[in-house]
Amino acid sequence: MKWGNPEPGKYQWADEIVDYIRAKGINILALPDYPSQFMTPTNAQGQVVYHADAYRTWCRELSRHYKGRIAHYEIWNEPWMPYFWKAGHIEFGKVFNAGAEGIREGDPNAKVVGWCTEFTAPQFVKSFLKSYPVEKKPDFNSIHYYYRSVPGDGDLSYRRIVDNNLKMFGEYAGREIWNTEGNMTVSHPFYARMRRFDRIEADRGVAFGTRGWAESVAGGIAKTFLFTTHNTDNVHVGGLMTLIDYDRSPTPQAAATAVT
């Protein structure tokens, strides 16, 4: 938002980029967060104040502008983290409602994705669910879940975790759960890929990654968005989230994806 709507009534759009991506047959999951300063002023007590009306206007203009090109909007990234959301749960519910309304006003066919909770901390949404209108629920539930190695009991426990979330969301649950930011790592959590995998590591990685994909689907995850899947020459968080190695050869994550 702070780029696309830096001031009230002022907008700029990434049409060339969006049109190029869509021309390649790729769908876009838009994130209208990272608010502008006019939406989040600081009060006399030094607290961040969120203006829901300003966010609703931005979301409405955003979905209206990209109607027919972008169909899915995830309202906010990881609001359970203070880094991304600097107010309480109730305040987030109000802003989420406003954003969802704006998206649907600008494009009635657009789909709202939320609440971007985390599998190990689903309690974030409990505080505002009671006052959350059922008709304004997200079309798809989103979570962020990373896993790296099979736990000691050998059970990834996807089904149990998903069931717990659906039970909590109850009538507010969307039709599907999307893991909109996750990974399929194959080794120690902090293993930096500074060298090529040897054959044994690669085989184990493919086996584990394939199992991970299968269990996530069986557990109820409809879609998983890898973070990140771009070709890279650097080590990002230990290099665990890339599909292409330094020499441009496929990593075990990529092989597991292909096998699945």
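Just so you know, these numbers use all the heavy atoms, side chains as well, and skip hydrogens, waters and symmetry mates.
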Trp80-Leu31 co-clustered via ILVMFWY side chain contacts under 4.5 Å
no
Verify the distance criterion only: is there a donor paired with an acceptor across the side chains of Thr180 and His144 at less than 3.5 Å?
yes
Mark yes when over 12 heavy atoms from residues, nucleotides or ligands other than Glu16 sit less than 6.0 Å from its CD; otherwise mark no.
no
Quick one: do Ile143 and Val217 end up in the same hydrophobic cluster if we chain Ile, Leu, Val, Met, Phe, Trp and Tyr together by side-chain heavy atoms under 4.5 Å apart?
no
Least distance between heavy atoms, Gly99 atom then Cys59 atom:
O-CB, 3.6 Å
Under 4.5 Å between any side-chain heavy atoms of Met1 and Pro32, yes or no?
no
Regarding Trp178 and Glu176, is there a side-chain donor-to-acceptor distance under 3.5 Å anywhere?
yes
If you apply the rule side chain to side chain contact (heavy atoms under 4.5 Å, CB included), what do you find for Phe225 with Leu29, and how did you get there?
CA-CA 10 Å; Phe225 298 68; Leu29 174 61; 4.0 Å; yes
Is the Tyr34-Trp3 ring centre distance short of 6.0 angstrom?
no
Heavy-atom nearest pair, Lys67 first then Pro108, reads NZ-CD, 4.4 Å
So, taking the atom named CH2 in Trp115 and the one named CG in Asn141, what distance separates them when rounded to the nearest 0.5 Å?
5.5 Å
For the student: nearest non-hydrogen atoms of Ile70 and Ala30, plus distance
CG2-CB, 3.9 Å
How many angstroms lie between atom CD of Glu78 and atom OG of Ser142, to the nearest 0.5 angstrom?
10.0 Å
Pair Glu74-Phe140, side chain to side chain contact (heavy atoms under 4.5 Å, CB included): steps then yes or no:
CA-CA 9 Å; Glu74 186 167 34; Phe140 302 102; over 6 Å; no
Are Gln47 and Lys86 close enough that some pair of their side-chain heavy atoms sits under 4.5 Å apart?
no
What distance separates Ile75 CD1 from Cys116 SG, expressed to the nearest 0.5 Å?
11.0 Å
Heavy-atom distance under 4.5 Å between the side chains of Met39 and Val95, does that happen here?
yes
How long is the straight-line distance from CG of Asn97 back to NZ of Lys137, given to the nearest 0.5 Å?
14.0 Å
Flag the pair Ile21 / Ile28 as yes when at least one side-chain heavy-atom distance between them is below 4.5 Å, and no otherwise.
yes
I'd like to know whether Arg69 forms a salt bridge (charged side-chain N to carboxylate O under 4.0 Å, His left out) with Asp15, so could you lay out the CA-CA distance, the side-chain angles of the two residues, the decisive distance to 0.1 Å, and finally the verdict.
CA-CA 10 Å; Arg69 293 181 288 174; Asp15 291 321; 3.2 Å; yes
Pairwise side-chain contact, Tyr66 with Val18, heavy-atom cut-off 4.5 Å (strictly under)
yes
Following the transitive rule for hydrophobic clusters with a side-chain heavy-atom cut-off under 4.5 Å over Ile, Leu, Val, Met, Phe, Trp and Tyr, establish whether Leu62 and Ile17 coincide in one cluster.
yes
CG of Asn77 to OH of Tyr83, rounded to nearest 0.5 Å, is 10.0 Å
Would you say the side chain of Phe92 lies within less than 4.5 Å of the side chain of Pro79, judging by non-hydrogen atoms?
yes
Nearest heavy-atom neighbours spanning Ser63 and Gly106
OG-CA, 3.2 Å
Specify whether Trp58 and Tyr11 have parallel, tilted or perpendicular ring planes, treating 30° as the upper limit for parallel and 60° as the lower limit for perpendicular.
parallel
Distance (rounded to the nearest 0.5 Å) between Asp33 CG and Tyr73 OH:
13.5 Å
Quick check: do Asn5 and Phe38 have side-chain heavy atoms less than 4.5 Å from each other?
yes
Mind checking whether Trp85 and Trp76 have ring centres under 6.0 Å apart?
yes
Within a strict 4.5 Å, meaning less than it, do heavy atoms of the Asn27 and Arg22 side chains meet?
yes
Tell me whether the count of non-hydrogen atoms from other residues, nucleotides or ligands lying under 6.0 Å of OH in Tyr20 goes above 12.
no
Considering only residues two or more places apart or on different chains, which pairs with a residue in residues 90-104 satisfy salt bridge (charged side-chain N to carboxylate O under 4.0 Å, His left out)?
Arg56-Glu101, Glu101-Lys136, Arg104-Asp139
